[in-house]
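Please read the structure below before turning to the comments.
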Amino acid sequence: MFKVRNISAFTFSALCAVITTVIICVCAVSCSGGQMSYKSQYYFVCYRITDNTVSASSLSSTVSSYGGAGYILHHKKNYYVTVSCYYQKRDAETVCESLKKRDLECSVLEIETNKYKLKNSAKKDLQLFLGNLNTLNSLSLLAYEGANKLDTGEFSQNKAKEIIYSVQNGIKGLLKSNESNCFTNGLNKIYAECEDKQRGFLMSKDLRYLQIAIVDLIINVKTF
């Protein structure tokens, strides 16, 4: 329902291999003046915006019933009930317009990461933190593409659960390197989410929920 863009089969296979072995690489990054730079952009199709968790929780089930993720994203002072997440603005706008034609209220939220505050004691972990962000972004792409292929019928339940396993394996690798820091709590939550998703019948919205949970950690991790 919310599929827009596919990556090539070769790229997808390569991405799976990279994630499974948790190869961490760094791109477009730097550190200066107590800040760490990691640039990425995400575009969320949101059903509603609210300023409290109670109303957001009640709307989450509504989004899920439509086949959307229903993940509640907290950004600045608001809570966003998300339908899906994209890496290109055009993709998000296309889906949003399609939903509006079905009389579903929605909007596109653009979030760009750039500068992360970095306390002096954490500067020694600069390369680790940058590697975490890069690997998490790749894991989110893996979940995103899995959701697309499940939507189109290209993936069976077994194949979709292989994606969950690959994501979980990647998170497990990150946890080994982040046993007690600002990433640990978020990584544990994502790992538990993977455990939960493997138990039942898997739908594309489940993979989208997992994708957004990963992106949430990228956006909101406090590196200070």
Side-chain angles (χ1 to χ4, degrees), residues 5-29 36 38-42 44 69 71 73 82 84-87 111 113 116 122 125-151 154-200 202-223:
R5 180 176 59 91
N6 274 316
I7 55 178
S8 69
F10 175 80
T11 303
F12 184 61
S13 298
L15 183 59
C16 289
V18 168
I19 296 307
T20 301
T21 54
V22 199
I23 298 174
I24 298 177
C25 58
V26 178
C27 61
V29 294
M36 177 177 70
Y38 182 85
K39 294 183 179 180
S40 58
Q41 288 180 306
Y42 305 100
F44 301 89
Y71 186 93
L73 180 71
T82 60
S84 47
C85 173
Y86 301 92
Y87 304 86
I111 299 179
T113 70
Y116 294 76
D125 296 319
L126 171 66
Q127 293 304 317
L128 172 64
F129 288 175
L130 292 175
N132 291 345
L133 293 170
N134 195 66
T135 301
L136 286 167
N137 187 65
S138 296
L139 287 167
S140 76
L141 281 164
L142 191 60
Y144 167 73
E145 190 61 21
N148 286 346
K149 290 183 180 294
L150 197 54
D151 258 343
E154 294 176 68
F155 272 5
S156 64
Q157 281 292 300
N158 287 340
K159 190 66 178 176
K161 288 189 177 183
E162 285 179 16
I163 297 298
I164 298 289
Y165 178 78
S166 293
V167 172
Q168 186 178 36
N169 210 32
I171 296 297
K172 183 178 180 180
L174 288 176
L175 279 167
K176 289 180 179 178
S177 303
N178 298 270
E179 293 182 352
S180 181
N181 62 26
C182 55
F183 282 89
T184 308
N185 188 47
L187 290 171
N188 277 318
K189 287 180 179 179
I190 296 168
Y191 189 89
E193 195 64 44
C194 290
E195 288 274 288
D196 182 65
K197 300 302 184 193
Q198 288 186 57
R199 294 193 184 99
L202 195 62
M203 302 177 70
S204 61
K205 66 180 180 181
D206 298 317
L207 280 164
R208 296 191 191 284
Y209 188 100
L210 182 60
Q211 174 209 2
I212 298 172
I214 296 169
V215 172
D216 188 0
L217 180 55
I218 295 171
I219 293 169
N220 289 313
V221 64
K222 305 299 182 186
T223 53

Determine whether the side chains of Tyr38 and Ser40 contain a donor N or O and an acceptor N or O closer than 3.5 Å.
no
Which atom names give the shortest non-hydrogen contact between Asp151 and Ser204, and what distance separates them?
OD1-OG, 2.9 Å
Contacts of Glu162 meeting salt bridge (Lys or Arg N to Asp or Glu O under 4.0 Å) (sequence neighbours excluded), chain-then-number -> Lys159
Do any N or O atoms from the side chain of Lys197 and from the backbone of Lys161 form a donor-acceptor pair under 3.5 angstrom?
no
Could you tell me if the side chain of Leu217 sits less than 4.5 Å from the side chain of Leu136, heavy atoms only?
yes
Heavy-atom nearest pair, Leu142 first then Ser166, reads CD2-CB, 3.8 Å
Between Phe183 and Leu128, is a side chain to side chain contact (heavy atoms under 4.5 Å, CB included) present by the stated rule, with each step listed?
CA-CA 10 Å; Phe183 282 89; Leu128 172 64; over 6 Å; no
Shortest non-hydrogen separation from Leu202 to Ala160 and the atoms involved:
CD2-CB, 3.5 Å
Can the ring centroids of Tyr87 and Tyr144 be said to lie less than 6.0 angstrom from one another?
yes
Are Asn132 and Asn178 linked by a side-chain donor-acceptor pair shorter than 3.5 Å?
yes
Got a second to check how far Leu139's CG is from Asn134's CG, nearest 0.5 Å?
10.0 Å
With heavy-atom distances below 4.5 Å as the criterion, would you say the side chains of Phe155 and Ile163 are in contact?
yes
In short, Gly146 meets Leu207 closest at the heavy-atom pair C-CD1, 3.5 Å
For Asn220, the side-chain contact (heavy atoms from CB on, under 4.5 Å) test, sequence neighbours excluded, returns Leu73, Asp216
Are Val167 and Leu210 close enough, and set up right, to give a side chain to side chain contact (heavy atoms under 4.5 Å, CB included), and what steps lead you there?
CA-CA 9 Å; Val167 172; Leu210 182 60; 4.0 Å; yes
Has Gln198 got a side-chain atom pairing as donor or acceptor with Tyr165's backbone, closer than 3.5 angstrom?
no
Is there a side-chain contact between Leu187 and Glu179 in this structure, where contact means two heavy atoms from C-beta onward sitting under 4.5 Å apart?
no
On a heavy-atom basis, the closest approach of Tyr116 and Ile218 is OH-O, 2.7 Å
Donor-acceptor contact present, side-chain Asn137 to main-chain Leu133, <3.5 Å
no
Heavy-atom closest pair (Gln157 atom, Gly200 atom, distance to 0.1 Å) is OE1-O, 4.4 Å
Out of curiosity, Ile171 CD1 to Ile190 CD1, how far, rounded to the nearest 0.5 Å?
4.5 Å
So CD of Gln41 and CD1 of Ile111: to nearest 0.5 Å the spacing works out to 11.5 Å
Show, in sequence, the C-alpha distance, side-chain angles and deciding distance for Ile212 and Tyr42, and conclude whether the side chain to side chain contact (heavy atoms under 4.5 Å, CB included) test is met.
CA-CA 10 Å; Ile212 298 172; Tyr42 305 100; over 6 Å; no
Please assess Leu126 against Leu130 for the test side chain to side chain contact (heavy atoms under 4.5 Å, CB included), listing each intermediate value before the final yes or no.
CA-CA 6 Å; Leu126 171 66; Leu130 292 175; 3.8 Å; yes
Do any N or O atoms from the side chain of Gln211 and from the backbone of Cys85 form a donor-acceptor pair under 3.5 angstrom?
yes
